[in-house]
Every structure is written in C-alpha cells, then in structure tokens.
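So the structure is just underneath, and the comments pick up after that.
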Amino acid sequence: MRRKSYWTRAAAVVMAALSVPMLMIAQSVVRCDSEGPRKTCHADTRGGIALRYQYSSQGCWQGDTWGYTASTVWVSNGCKADFSLGTVPHTQAQTQSQGSSSGDVLAGVLIGALAGAAISNAVRDSNNHHDDYDDSWHDGDYDYDGYRRRVQCNSDDMGMHECRVRHIGYAEVARQYSGSPCIYGRSWGYDRNYIWVDRGCRADFWVR
Amino acid sequence: MMPRPMGQRIFVAGLGLALLAGAAASFGQAAGATAGSQSKPPTPGMPEARATQPKTSDTLPGLTAEQTRFFRYFDRDGDGQIGREEYRNVIVQFFESMDREHHGYVTDAEIRKSFPAVHQGEPLNPKLRMSLTQFEDFMMARFDRADSDHTGKLPPDQFKALQGMPE
C-alpha cells in the first residue's frame, strides 16, 4: 500500500511538472476570430504580440482588420488568427529556415527550374483571357475563380463617400493610396451594393 | 519538429510554385476585370466605384515587366517591398483556393486539380495531407530565409530569389 502511494505521488509530480510548460505554451497564444464586426479578445500584449497563424482567407491586416491594446487584441471583417504573446517564440518557420538539408536544396532548385515557366505561362494566359473578355465583362466574370474584383473608392475630401459595387459578399483593401489610415468599420466598410469610405481613406478594394 | 521526408519537401515546394502561377493569373485577370464595374451608369448621389488598373508600364529595378506585375500583386501598400503580412495573406488565400472542400487541408489531388499545368505527371505524394498551418510554416520559412537582413520585408531582388523567379 505504501509502495503504491509512493508511485501515485511520483506520477502526480511528473504530471504537474509536465503541465507547467504546457500551460505556459497555452497562455502564450491567443486565438481571436471575427465573422464581420470587430471582436475583442483579452490578451496581455505588454511583452509583445505577433500574428502566428492566419486561418482566414479574409485578410488579416494590422491596423485595418486586426490590432491590439495593452490588454486586448481585436480582429474584424472575418480575420481569424492565432497571436503569439510575450517574447515571440522561435517559430517552426524560423527553425526550418535554418536548415539546409539536401532535400531543401533540391526543393529550391526545383522551384527555380519550374517557376519561370509557370509564371510566364500564367501571365501570358491571363493576358489572353483579358483580351478575350475585354468586350464582354459582366458581374461574376471578373477574375480568377470568379471571386474577386478590384475597384477604387476615395474619400477625397475627408468626408463620407459611397461607391456602388454590385453583389458584394466580402471586401478588403487591395491597395491603400491615402496617408490617412483605412480601418475597417471606421474609415471604410461595405454593404451588399456599395463600399463606403470616410476620413480620407483612398484605396483599391478586392470585392467578392 | 521532425523533418519532413524529402518527397514531401519537394512536393511542398511545388505548392509554392502553384501559388505563383495562381497569383499571377489572378493578378492579370483581376486587373483587367475591373473594367466591368464601369459598364453601368452610376446612380445619382452614389458614384460607381472606379475600376482600377495598376500601373504596369514601369518595371522595378532588376525585374522584367511580368515579374514587376507579379511583384505588385503582393505589394499592398505600394512601398516597393513585400512584407511578411502581404506575403502571408496571399498564400493563405491560395491555400483556400486549393482546399475546395474546405476541410482544412489540401491533398495531392486537390493541388493538381487547382493547378493542372504544374503537376501534369504522376503525383509526388498521393498520401499528402497538408494543413494550412503546415503550409504557412513552409512558405513563411522561405520568406524568412530570403529576408537575409531581417527587415521583415523583401525588396524585388530578394523576392525574386525567394521564388526562384527567372531573369
């Protein structure tokens, strides 16, 4: 009985020891996701913060669709991501990048050999498509996989402007031209049939 | 993390290539497509959004016109460099375009279906199941490796080296 008790306590000590680093790892990452409106997640960012993994094809752009305060991280417009808190850990990506195995070298050579042809073909093909479609564009026929259009909307006078765009399911900034920040929900946004910009935001938008 | 088998590493490298092809095609078509939004007269009081056509006449130092167009597809803020965030957003979008069933990973078959021009031959790894986080790890590792001066941004020459873009 005494022997069993000893091993039980020993196992408990080992489990406790293992749980400490696991807990620390868990606390160093915060997942925050939004379905549209801004969502705020509690996070102590005083030691630093970095986006670790992005899970959404909806863009995660710092200052536009994600950001942070000392005690929170926020996301909006569909951004979903894991954020590393504190001293940013040595990521898998960084660890891998230090390697130079023969396989990795070979992979690099392979990319180098094939990328040229692929890019040239892709650009040429896209140019051909452009020519083909030049006179027959209509909604839904815009681009790759038919899911993105690019349009521009400007708040030239620092005031609110609405730009008509049909059938918007999702939009994000493709290229910001203004010095004034474009922040989703504050200086730009969208509804089903228009994009609005305000406070000097001038940008191209991807729309799908 | 255990190193991946060479076959998988090569295959993943192929993913990067597929990304390039898809991104370039997307850019070209998207840029041209925007003319469509001009076809309907604007509603009074609500102007039609202006279609955009990114400048393609100016080439960046060390890049051809095609490479410049491709580079600008990533360059959201137009600062002439590709940031980690700009790079990450593009690769995540293309992962989703490959993951057609939205099950959170891509298979050999899905990749070859998405980019048939890249993988016309036999599959390199029929059992491949690559998650988004694995894909991000690999692609961001390539970015970090190209970012030799640790600025978090790739100027055109480093970006070209990263992707093995041809002269």
Side-chain angles (χ1 to χ4, degrees), chain A residues 51 53-57 59-62 91-97 99 101 103-104 106-108 110-112 114-116 118-123 125-127 129-130 133-134 137-139 141-145 148-153 161-165 173-177 194-195 204, chain B residues 1 3 5-6 9-10 12-14 16-17 20-22 24-37 39 42-43 46-52 54 66-67 69-70 76-78 85 88-89 92-93 95-97 117-118 132-133 136-138 140-142 144-145 163-166:
Chain A
L51 194 153
Y53 288 119
Q54 178 177 334
Y55 296 102
S56 59
S57 61
C60 291
W61 301 100
Q62 187 173 1
T91 64
Q92 287 182 332
Q94 289 165 335
T95 302
Q96 284 185 357
S97 70
S101 68
D104 203 35
L106 183 57
L110 187 62
I111 288 182
L114 297 178
I119 293 169
S120 299
N121 288 340
V123 172
D125 288 345
S126 66
N127 288 340
H129 288 156
H130 183 197
Y133 295 159
D134 233 358
W137 287 114
H138 58 276
D139 287 344
D141 255 357
Y142 283 93
D143 58 4
Y144 175 78
D145 274 357
R148 291 213 298 191
R149 293 165 279 166
R150 184 166 168 143
V151 296
Q152 189 173 80
C153 196
H161 287 261
E162 294 179 345
C163 300
R164 178 186 173 87
V165 182
V173 173
R175 171 81 181 272
Q176 180 179 321
Y177 297 106
Y194 65 90
I195 290 172
D204 289 350
Chain B
M1 182 177 178
M6 182 182 296
R9 296 181 75 88
I10 296 171
V12 175
L17 178 61
L20 295 179
S26 176
F27 169 77
Q29 293 187 15
T34 53
S37 62
S39 60
T43 302
M46 183 181 285
E48 194 88 0
R50 279 193 281 154
T52 64
E66 289 182 352
Q67 290 167 352
R69 293 177 62 196
F70 182 59
R76 183 199 199 221
D77 61 8
E85 187 165 61
R88 187 194 64 237
N89 272 281
V92 171
Q93 287 165 6
F95 182 91
E96 188 186 64
S97 74
V118 176
L132 173 59
T133 55
E136 284 185 67
D137 275 343
F138 184 86
M140 297 315 296
R142 293 190 66 80
D144 291 337
R145 194 170 1 183
Q163 303 292 5
M165 294 171 75

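Chain letters run A, B, ... following the sequence lines, proteins first and then strands; every chain starts at 1.
Shown are B:M140, B:E136, B:R88; of these, the side chain to side chain contact (heavy atoms under 4.5 Å, CB included) with A:Y53 is made only by B:E136.
What you find for B:R76 and A:R175 is that their closest heavy atoms are O-CD, 2.7 Å. Between B:E85 and A:Q62, the closest heavy-atom pair is OE2-N, 2.8 Å.
Side-chain contact between B:T133 and A:Y55 is present, with at least one heavy-atom pair separated by less than 4.5 Å.
Interface residue A:Q54: backbone and side-chain heavy atoms are both found under 4.5 Å from chain B. When heavy atoms are compared at a cutoff of 4.5 Å, B:N89 approaches chain A by way of both its backbone and its side chain.
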